[in-house]
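In what follows, a single structure is set out as structure tokens and then discussed.
What you are looking at is a predicted structure, and each value in this text was computed from that prediction instead of being measured. Reckoned from all heavy atoms, side chains included, excluding hydrogens, waters and symmetry mates.
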Amino acid sequence: MAATTSASTPATVPAATPATVPGAGGAAPRPDGRDHLTTDGGARQGGADLWCTYAAVRTLNWLGGAPARPAATAESLLSRQNRDGGFAWQKGLPSDVWATYYSTQALLDLGRGIPHREALLAWVTGIQHRSGGFAMTAGQEPDIWATYYATRVLAEVLRAAVPRAEALAEWLTATQRADGGLGWYPGAGESDVRACYYGATAWRAAFGSRAPGWRTGALVGWLNARQTAAGGFVFDEGSTATCLWATFRAVRALDALGARPAREQDCLAWIDGRQGPGAAFTRWEGYPDADVWASFSAVGALQTLGREPRDRAAVLEFLGRCELPEGGFSYREGSAAGDSLATAALLLTGAAGRPDAVPDEERRDDRRRDDEHRDARRPPGPGADGLARWLRAAHLPYEGGVMYMPGRGAEIRCTLWAVSALAFAGLPGLDAGRLTGWLRRLQNSDGGFGYWHGRASDMVSTVSALEILHQLGRPPEVLDTDALRAFLDSCAADGGDGDEGGSGTEGDGTAGHRYTPGSPVTCAATAQAARALHLLGDPVAARAAAGRLQRYASRIGGYASAPRGVPDLASTYQAVRTRQVLGLPVDGAELRRFTAKLRGPAGHYSWSPLTREAAGPLADALGTLLDRAERLPPLNL
């Protein structure tokens with residue numbers, strides 16, 4: 001999904017633009033928001049998705065094909081490069097190594113060079129942690145996802161040696177757990193096939209044929225134990241859903257270790273079974289919709305095992321239909337490629353119309369998760385019930401949380417938006433038991449939460465976990481609250497001068513909270529920390545944190561990310577919601593004066609008063625709610 005925050009502001013965006021908003025750009029939509037509706041019953045933000053674009057370009061390259069509009073796709077990728085040399089999830093957002101690997105590898109597959117290589121090299125080496133592992137962004141803790149991306153960028157894109165190689169070798173070696181598998185970071189509580197793939201591939205990228213420090217036989221044995229009777233693989237010891245993503249990662253991990261699946265022919269047969277006649281691949285057995293990621297996983301696994309797809313032409317044709325006219329790709333045909341954030345946004349604003357008249361028995365059916373993927377395919381009405389069906393369908397039985405797009409992994413911010421939108425609309429919600437169990441597994445050893453399973457902790461994800469539980473009526477104590485409080489405290493800055501004031505600018509003694517322990521203090525992170533402390537039952541600390549928000553208040557209304565900065569929509573939403581939650585006064589007239597500066601003539605909202613450009617359904621949701629809602633729902637970006 002989206003990029004994470006960075007200490008530097010990219011040259012391509014005003015400082016007020018929120019740092020973690022997927023789909024932050026967007027063409028001018030219709031006033032009623034219906035041009036965002038998709039034929040699958042949801043809504044989309046518009047524009048190419050980076051992960052889809054990488055997966056499609058990579059798969060086309062493997063199959064000897066190419067995009068129909070390679071120059072437009074390359075320009076879409078190049079637009080994501082920032083002045084620091086790294087790439088962002090979307091133009092204007094800060095650099096992260098996830099987006100950097102996907103962008104640079106796709107550019108190489110398109111036969112394009114990588115600009116500003118020296119700056120890119122400096123940026124990637126700068127995110128290496130003192131332990132030897134790599135972080136997604138500067139100031140964050142290392143994880144095996146980020147370490148994989150960084151080593152591949154260094155070794156395969158830049159053809160550069162990985163710095164501090166011995167420290168990296170020790171860090172990777174320490175990810176092996178007693179059961180033989182690899183965890184997301186040293187000391188992680190569980191092993192995962194994806195972590196095994198990222199670790200084994202990172203080792204091969206950094207060290208070539210050098211023997212790894214793991215107990216390799218135990219690692220190969222743990223991986224092969226994840227093969228099911230059906231022939232494919234699952235992610236971990238607790239998973240029951242055999243899927244193509246897990247199978248691809250397992251096959252590639254074994255290959256990096258010089259091994260093969262224990263039952264190779266069964267594996268091949270299971271992969272073949274995911275492709276229907278004249279069709280592309282689907283991720284799970286019984287799931288009806290083909291997507292880019294499933295095709296990427298299937299082709300990658302088959303070619304690693306020395307095979308090609310049974311119907312290569314069908315895969316190429318499908319990928320061609322996923323290409324967008326402006327360049328880049330979506331996960332399926334663009335008209336049917338809904339995403340959970342845009343769908344939740346339209347439900348929150350009521351832009352798609354009033355709830356349809358649906359019989360009570362059909363509403364009950366919508367709550368049965370075995371029927372969810374069928375409900376998502378049924379053409380719904382344009383109103384709220386159709387959007388709600390889509391959101392419940394994105395909580396597939398195979399994932400604990402809500403997916404950004406069906407078929408990929410569950411993500412915490414998407415889950416929060418879905419839970420909040422359904423509750424705000426007064427419609428049946430999601431399976432609280434499954435969500436609670438998923439959140440328990442998602443909590444990292446430092447007490448915080450990351451965007452998805454295995455990602456390092458950040459403030460946005462951590463407060464989102466607490467706010468999901470609160471809306472589900474579950475106490476925070478279902479989590480390790482002592483560890484969670486410790487993570488919040490690690491993100492706190494006391495100002496360095498013995499008071500709460502400091503001199504009022506980032507990095508010069510300002511008290512408050514940070515997005516991660518190593519990043520700058522911001523308005524949004526401080527507001528989110530105050531709400532997290534409130535939910536943990538510490539009103540004194542919550543009020544102290546909220547009291548620091550006043551320094552971010554702007555003379556022209558709203559709140560800025562940094563003191564004396566330009567106010568922006570995302571920071572303002574966070575600050576106002578925090579004041580509401582804590583019972584602090586909000587000047588409604590002043591707030592409406594600020595939102596009027598963001599609202600364009602068609603009624604759509606920009607992220608900053610500097611642009612006045614319609615920024616898409618997420619900005620519309622936050623702006624509309626600030627203008628109209630007496631009580632703001634929890635929505636974090």
Side-chain angles (χ1 to χ4, degrees), residues 51-67 102 105-106 108-109 148 152 156 192-194 196-198 200-201 204-205 220 223-235 239 241-323 329 331-332 398 407-409:
W51 191 12
C52 299
T53 300
Y54 160 79
V57 169
R58 197 83 168 121
T59 308
L60 286 168
N61 183 268
W62 288 339
L63 294 175
Y102 285 147
Q105 181 58 65
L108 291 182
D109 284 342
Y148 160 83
R152 295 200 73 173
E156 299 172 12
D192 193 285
V193 161
R194 290 163 292 191
C196 296
Y197 165 76
Y198 299 134
T201 307
R204 184 166 61 183
V220 169
L223 282 164
N224 272 321
R226 307 284 76 76
Q227 189 174 17
T228 68
F233 286 76
V234 295
F235 283 127
S239 296
T242 310
C243 78
L244 265 175
W245 189 14
T247 301
F248 172 54
R249 295 313 192 196
V251 167
R252 282 289 182 96
L254 289 166
D255 181 70
L257 297 166
R260 310 281 281 191
R263 301 187 343 267
E264 186 171 334
Q265 293 306 311
D266 290 345
C267 182
L268 287 166
W270 185 84
I271 297 171
D272 284 339
R274 305 285 69 72
Q275 185 178 25
F281 289 87
T282 60
R283 181 172 166 182
W284 294 285
E285 185 175 358
Y287 183 72
D289 298 320
D291 60 55
V292 164
W293 307 299
S295 298
F296 165 78
S297 296
V299 174
L302 287 170
Q303 290 188 344
T304 301
L305 297 174
R307 280 269 312 279
E308 295 294 328
R310 290 184 303 176
D311 192 342
R312 173 180 171 276
V315 178
L316 290 170
E317 191 273 336
F318 170 77
L319 294 174
R321 287 189 279 116
C322 296
E323 189 171 1
F329 291 77
Y331 74 104
R332 52 190 292 199
Y398 322 110
R408 65 196 272 178

* Give a yes or no on whether the backbone of Arg263 and the side-chain of Gln227 come within a donor-acceptor separation of less than 3.5 Å. => yes
* Asked: Are Thr282 and Pro288 close enough that some pair of their side-chain heavy atoms sits under 4.5 Å apart?
  -> no
* **Note, Leu302 side chain near Glu308 side chain (heavy atom, < 4.5 Å)** => no
* Give a yes or no on whether the ring-centroid distance for Phe281 and Phe318 is below 6.0 angstrom. => no
* Asked: Is Leu254 close to Cys196 at the side-chain level, that is, under 4.5 Å between some pair of heavy atoms?
  -> no
* Asked: With a 4.5 Å heavy-atom cut-off, do Thr247 and Ser297 have their side chains touching?
  -> no
* Structure fact -> Here the gap from Leu305 atom CG to Asp255 atom CG, rounded to the nearest 0.5 Å, amounts to 8.0 Å
* Salt-bridge criterion met for Arg283 and Asp291 (N-O under 4.0 Å) -> no
* Asked: From Arg58 CZ over to Ser295 OG, what is the distance, rounded to the nearest 0.5 angstrom?
  -> 15.5 Å
* Establish, yes or no, whether a centroid distance under 6.0 Å links the rings of Trp270 and Phe233. => no
* **Closest approach of Cys267 to Val251 (non-hydrogen atoms, all atoms of both residues)** => SG-CG2, 4.0 Å
* Spatial distance of atom CH2 (Trp293) from atom OH (Tyr331) [nearest 0.5 Å] -> 6.5 Å
* Nearest heavy atoms of Cys52 and Val292, plus distance in Å -> O-CG1, 3.7 Å
* Could you grab the distance from atom CG of Asn61 to atom CD of Gln105, nearest 0.5 Å is fine? => 8.0 Å
* **Closest approach of Ala241 to Val234 (non-hydrogen atoms, all atoms of both residues)** => O-CG1, 3.4 Å
* To do: Supply the atom-to-atom distance Glu156 CD to Arg204 CZ, rounded to the nearest 0.5 angstrom.
  => 8.0 Å
* Asked: Looking at side-chain heavy atoms only, is the closest gap between Phe329 and Leu60 below 4.5 Å?
  -> yes
* Asked: Should the pair Arg194 and Phe235 be classed as cation-pi, given the thresholds of under 6.0 Å to the six-membered ring centre and 45° from the axis?
  -> yes
* To do: Please report the C-alpha distance between Trp284 and Arg274 in whole Å, then the side-chain angles of each, then the deciding distance to 0.1 Å, and finally whether the side chain to side chain contact (heavy atoms under 4.5 Å, CB included) criterion is met.
  => CA-CA 7 Å; Trp284 294 285; Arg274 305 285 69 72; over 6 Å; no
* What closest approach, in Å, do Gly278 and Ala314 show between heavy atoms, and which atom pair accounts for it? -> C-CB, 3.6 Å
* Asked: Is the number of heavy atoms from other residues, nucleotides or ligands within 6.0 Å of CD (Gln303) greater than 12?
  -> yes
* **Distance-minimising heavy-atom pair for Ala253 and Ala200** => O-CB, 4.1 Å
* To do: Write down the atom of Leu63, the atom of Val315, and the distance for their closest heavy-atom approach.
  => CD1-CG1, 3.8 Å
* Do the charged groups of Arg226 and Asp192 touch, with an N to O distance under 4.0 Å? -> no
* Asked: Hey, what's the ring geometry for Trp62 with Phe296, parallel, tilted or perpendicular (30° and 60° as the breaks)?
  -> parallel
* **Salt-bridge contact Glu264-Arg260 (side-chain N to carboxylate O under 4.0 Å)** => yes
* Asked: Got Leu257 and Leu223 here, is their nearest side-chain heavy-atom distance under 4.5 Å?
  -> yes
* Asked: Taking side chain as C-beta onward, heavy atoms only, is Trp51 less than 4.5 Å from Arg408?
  -> yes
* Anything under 30° is parallel, anything over 60° is perpendicular, the rest tilted; go ahead and classify Tyr398 against Tyr287. => perpendicular
* For Thr228 and Thr242, test the side chains for any donor-to-acceptor distance below 3.5 angstrom and give the result as yes or no. => yes
* Mark yes or no for whether Gln275, through its side chain, and Ala279, through its backbone, hold a donor-acceptor pair below 3.5 Å. => yes
* Mind checking the CZ-OG1 spacing from Arg252 to Thr304? Nearest 0.5 Å is all I need. => 3.5 Å
